[in-house]
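Remember, it's a predicted structure, so these values are computed and weren't measured experimentally.
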Amino acid sequence: QVQLVESGGGLVQTGGSLRLSCAASGRTFSSYAMAWFRRAPGKEREFVGAISWSGGSTYYADSVKGRFTISRDNAKNTVYLQMNSLKPEDTAVYFCAARLPGRTPHDARGYDYWGQGTQVTVSS
């Protein structure tokens, strides 16, 4: 069992930055690949980025590539999402998720555990 708690969301102006954190409980955190998804108002949940259990592999949606960076610290049971050059279209609730290795990184159906989400609002 893994419990996930996101933090770091807030209101930021266009072009600004935020760093989201996702703290995981449980001693098996390092066994799980992690990801960030988001859901904008009136839209379906979409993949943002993912990172392998070791941190050696990362994956990004085209819409955030070059602006967002996912990382993890297994000693702290935490995964991060550094978001730079934010745009109004990045406004959404951001969720972190955990899955066992071997599943497709961008497919939400492969994730076993989800956090409650943190709101990110980018003003124009």
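- The OG1 atom of Thr121 lies 11.0 Å from the CG atom of Asp90; values are rounded to the nearest 0.5 Å.
- Tyr60 is not listed as a side-chain neighbour of Val48, based on a closest heavy-atom distance of 4.5 Å or more.
- With hydrogens and angles ignored, the 3.5 Å screen pairs no side-chain donor or acceptor of Thr118 with any backbone N or O of Glu6.
- There is no path of hydrophobic side-chain contacts, each under 4.5 Å, that joins Val79 to Val93.
- No side-chain heavy atom of Val12 sits under 4.5 Å from any side-chain heavy atom of Met83.
- Using a 4.5 Å heavy-atom threshold, the side chains of Asp112 and Val2 count as separate.
- In the hydrophobic cluster analysis, where Ile, Leu, Val, Met, Phe, Trp and Tyr join through side-chain heavy atoms closer than 4.5 angstrom, Tyr80 is grouped apart from Phe47.
- Although no hydrogens or angles enter the test, the distance criterion places no donor-acceptor pair under 3.5 Å between the side chain of Gln116 and the main chain of Val5.
- Considering only heavy atoms from C-beta on, Glu46 comes within 4.5 Å of Arg38 through its side chain.
- The main-chain N or O of Leu100 is never found under 3.5 Å from a side-chain atom of Tyr111 such that the two would form a donor-acceptor pair.
- Phe37 approaches Asp107 most closely through the heavy-atom pair CZ-C, 4.3 Å.
- Contact of the Trp36 side chain with the Phe68 side chain is not registered, since no non-hydrogen atoms from C-beta on lie closer than 4.5 Å.
- Residues Asp62 and Lys65 are paired through a salt bridge, judged by an N-O separation under 4.0 Å between the basic side chain and the carboxylate.
- When the side chains of ILVMFWY residues are joined at heavy-atom separations under 4.5 Å, either directly or via intervening members, Leu81 and Tyr113 end up in a single hydrophobic cluster.
- When the shell of 6.0 Å around CD of Glu89 is examined, it contains more than 12 heavy atoms from other residues, nucleotides or ligands.
- Taking each heavy atom of Leu18 and Leu86 in turn, the nearest pair found is N-CD1, 3.9 Å.
- Between atom SG of residue Cys96 and atom CD1 of residue Ile51 there is a gap of 12.5 Å, rounded to the nearest 0.5 Å.
- One distance of note links CZ of Arg99 with CZ of Arg109; it measures 13.5 Å at 0.5 Å rounding.
- Each of Phe95 and Phe29 belongs to its own hydrophobic cluster when Ile, Leu, Val, Met, Phe, Trp and Tyr are linked at side-chain heavy-atom distances under 4.5 angstrom.
- Gly110 approaches Arg103 most closely through the heavy-atom pair O-NH1, 2.7 Å.
- Ser30 and Arg72 make their closest contact through CA-NH2, 4.0 Å (heavy atoms, listed as atom of the first residue, atom of the second, distance).
- By the neighbour-count criterion of 12 heavy atoms within 6.0 Å, atom CD of Gln82 is densely surrounded, having more than that number from other residues, nucleotides or ligands.
- Taking both residues in full, the closest heavy atoms of Thr91 and Gln119 are given as CG2-NE2, 4.1 Å, listed atom of the first, atom of the second, then distance.
- Atom CZ of residue Arg19 and atom OG1 of residue Thr69 lie 11.5 Å apart, to the nearest 0.5 angstrom.
- Rounding to the nearest 0.5 Å places OG1 of Thr78 at 12.5 Å from CG of Leu20.
- From Asn74, atom CG reaches atom OG of Ser31 across 9.0 Å, with rounding to the nearest 0.5 Å.
- Across all their heavy atoms, Ser85 and Ser17 have their closest contact at N-OG, 4.3 Å.
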